[in-house]
Amino acid sequence: MRVLVLNSGSSSIKYKLFDIVENKEKILDKGAVERIGEKIPDHRSAVNIISKKMDNQIEAVGHRIVHGGDKFSESVLIDDEVVKAIEHFSSLAPLHNPPSLLTLSESRRLLSNIPHVAVFDTAFYQTLPEYAYLYAIPYEFYERYRVRRYGFHGTSHRYVASEAARILKKGIDKLKIITCHLGNGCSITAVKHGKAVDTSMGFTPLEGLVMGSRSGDLDPAIIPFIMEKEKIDVNRVIDLLNKESGLLGISKISNDVREIVKKSKLNDKKAKLALDVFLYRIKKYIGAYASIMDGVDAVVFTGGIGENQPDLVRRVLKDTMLKDIKVLIIPTDEELMIARDTYRIIRKKRL
Ligand code: ADP
């Protein structure tokens with residue numbers, strides 16, 4: 001089965017074309033249409049460019065959708081109802097769901113006679129227990145507005161957790177795994193017996209670990225304090241926390257770990273401090289997740305930093321009290337996971 005995977009970001013669409021036969025996947029083509037909004041007018045034109053590159057043999061399309069709210073606990077075949085639900089959750093992910101919806105509607109129009117499947121970043125976290133996803137704020141905000149932990153990067157965490165089980169030659173239902181996705185965005189997930197039981201990103205991707213330019217956890221009282229001191233509005237503060245904080249905010253060098261590591265080797269004090277804060281937060285979460293799962297068999301690192309900075313990975317687990325844990329570095333492959341889900345859903349439907 002030929003499956004096209006579309007991964008829409010705010011200014012780009014990445015695509016991969018797979019040929020899947022039973023459990024074997026082959027990549028036939030891959031690429032990206034970038035600078036949407038500049039060189040390319042919008043996501044619809046980008047989809048047109050991609051579809052022109054494809055021959056007529058695509059049998060299904062898998063779409064990455066960031067926010068499926070609390071409605072989708074797994075990947076689904078797309079129909080008008082599903083599209084409506086994704087639209088509904090746009091208010092929870094205003095930067096992510098709208099471009100995906102444009103991609104979705106245009107590709108459904110152009111490739112109208114084949115099935116389309118939605119794979120949600122949030123779906124993996126629908127197994128979190130209520131006490132892990134609920135914030136301790138007045139309960140009516142959850143009831144009225146669905147304010148809760150959703151979690152993101154779910155497809156990546158799900159993929160590396162299943163790869164870890166395969167590498168360890170054990171059933172995932174027998175393992176306690178902590179997965180660390182460390183890219184520009186960073187998140188960490190506790191996977192107990194194959195199910196996510198907690199994760200660091202929250203209502204939005206801002207919570208949790210220190211990231212390239214996002215703060216991660218902080219005392220919310222800092223927000224009005226800074227607004228008053230700096231005479232800025234709330235949108236500006238949120239912008240600061242998303243784009244000017246994290247590794248960039250502390251180091252004042254870059255959001256790119258490579259630059260910071262380079263400078264820290266030259267004894268730059270702020271570069272060293274940024275890395276210390278970054279690694280400390282990861283170590284703290286690993287301890288917390290080992291505690292809630294009552295132990296841990298393996299810690300997995302993935303994402304640009306996790307896959308390429310073994311020295312940093314080593315520092316996270318140096319002098320850890322956790323004994324007999326396996327440490328694995330596994331390259332993530334969200335597109336492959338999306339292709340597999342799409343294949344599985346279409347196969348089941350055809351049977
Ligand atoms: P995104 O989250 O945008 O997909 P990545 O997963 O590529 O980004 O992660 C970006 C981070 O990974 C940067 O901090 C970068 O320094 C680091 N990184 C990416 N590739 C490498 C590499 N080859 N060597 C060292 N660090 C890398």
Side-chain angles (χ1 to χ4, degrees), residues 5-16 30-36 64-67 93 95-96 99-100 119 121-122 124 151-161 163 179-189 199-202 204-216 241-266 268 270-282 300-316 328-338:
V5 172
L6 296 177
N7 184 348
S8 322
S10 53
S11 64
S12 72
I13 303 178
K14 288 189 215 147
Y15 65 90
K16 257 189 197 173
K30 64 175 181 177
V33 177
E34 285 170 324
R35 296 177 66 187
I36 300 175
R64 177 196 174 205
I65 308 289
V66 166
H67 218 308
L95 299 178
H96 294 101
S100 299
V119 179
D121 274 30
T122 47
F124 189 44
F152 300 90
H153 287 151
T155 310
S156 171
H157 288 279
R158 181 160 61 101
Y159 175 75
V160 295
E163 279 294 290
T179 49
C180 309
H181 179 111
L182 310 177
N184 256 318
C186 299
S187 63
I188 178 162
T189 297
T199 192
S200 59
M201 282 181 168
T204 73
L206 188 52
E207 194 183 348
L209 299 179
V210 175
M211 313 183 203
S213 65
R214 290 188 202 129
S215 63
L241 296 176
N242 271 304
K243 297 184 186 149
E244 295 171 38
S245 299
L247 289 167
L248 170 67
I250 299 175
S251 71
K252 298 287 167 197
I253 297 165
S254 168
N255 62 338
D256 192 312
V257 156
R258 277 169 291 202
E259 298 299 315
I260 302 172
V261 167
K262 225 190 275 167
K263 286 274 168 67
S264 82
K265 284 183 179 155
L266 300 172
D268 183 294
K270 286 209 174 115
K272 283 184 160 180
L273 184 60
L275 289 177
D276 285 346
V277 176
F278 176 71
L279 298 174
Y280 172 77
R281 183 88 49 94
I282 301 169
V300 183
F301 290 86
T302 192
I305 300 170
E307 292 166 30
N308 299 297
Q309 298 280 358
D311 286 349
L312 296 184
V313 166
R314 228 167 277 133
R315 277 176 64 187
V316 170
L328 303 169
I329 292 181
I330 301 176
T332 195
D333 197 338
E334 288 162 281
E335 281 86 9
L336 178 60
M337 199 80 225
I338 294 170

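Here the structure is a predicted model, which is why all the values come from computation and not from measurement. Every number for a ligand or one of its atoms is a count from 1 in the order of the listing. Reckoned from all heavy atoms, side chains included, excluding hydrogens, waters and symmetry mates.
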Does ligand 1 have any atom sitting under 4.0 Å from a heavy atom of Gly212?
-> no
Among Thr189, Thr332, Thr179, whose side-chain hydrogen bond (donor to acceptor under 3.5 Å, both in side chains) with Ser156 holds?
-> Thr332
Which residue and non-hydrogen atom of the protein lie closest to atom 3 (O) of ligand 1, and at what distance in Å?
-> Asn184 ND2, 3.4 Å
Between Glu244 and Leu248, which heavy-atom pair has the shortest distance, and what is it?
-> CA-CD2, 4.1 Å
So, are Lys16 and Asp333 salt-bridged, with charged N and O less than 4.0 Å apart?
-> yes
So the atoms of ligand 1 within less than 4.0 Å of a heavy atom of Gly185 turn out to be 2 (O)
Write down the atom of Gly9, the atom of Pro99, and the distance for their closest heavy-atom approach.
-> O-CB, 3.7 Å
Does the N or O separation between His181 and ligand 1 drop below 3.5 Å for any pair?
-> no
Decide whether His157 and Thr199 meet the rule of one side-chain donor and one side-chain acceptor closer than 3.5 Å.
-> no
Return the minimal non-hydrogen interatomic distance between Tyr15 and Ala32, and the atom names on each side.
-> CE2-N, 3.6 Å
Can you tell me how far the OH atom of Tyr159 sits from the CD atom of Glu335, to the nearest 0.5 Å?
-> 11.0 Å
Do Gly304 and ligand 1 have an N or O pair less than 3.5 Å apart?
-> yes
Ligand 1 and Gly183, any nitrogen or oxygen pair closer than 3.5 angstrom?
-> no
Decide yes or no for Arg64 and Val5: does some side-chain heavy atom of the first lie under 4.5 Å from some side-chain heavy atom of the second?
-> no
Protein heavy atoms: any of them under 4.0 Å from atom 1 (P) of ligand 1?
-> yes
shortest atom 16 (O) of ligand 1-to-protein heavy-atom contact is with Asp256 OD1, 2.4 Å
Find all atoms of ligand 1 within a distance of less than 4.0 Å from any non-hydrogen atom belonging to Ile305, and give their numbers and elements.
-> 11 (C), 12 (O), 14 (O), 17 (C)
Val257 N/O to ligand 1 N/O under 3.5 Å | yes
Classify the contact between Gln309 and ligand 1 as side chain, backbone, both or neither, using a heavy-atom distance cut-off of under 4.0 Å.
-> side chain
Among Thr332, Val261, Asn308, the residue with a heavy atom nearest to atom 21 (C) of ligand 1 is Asn308
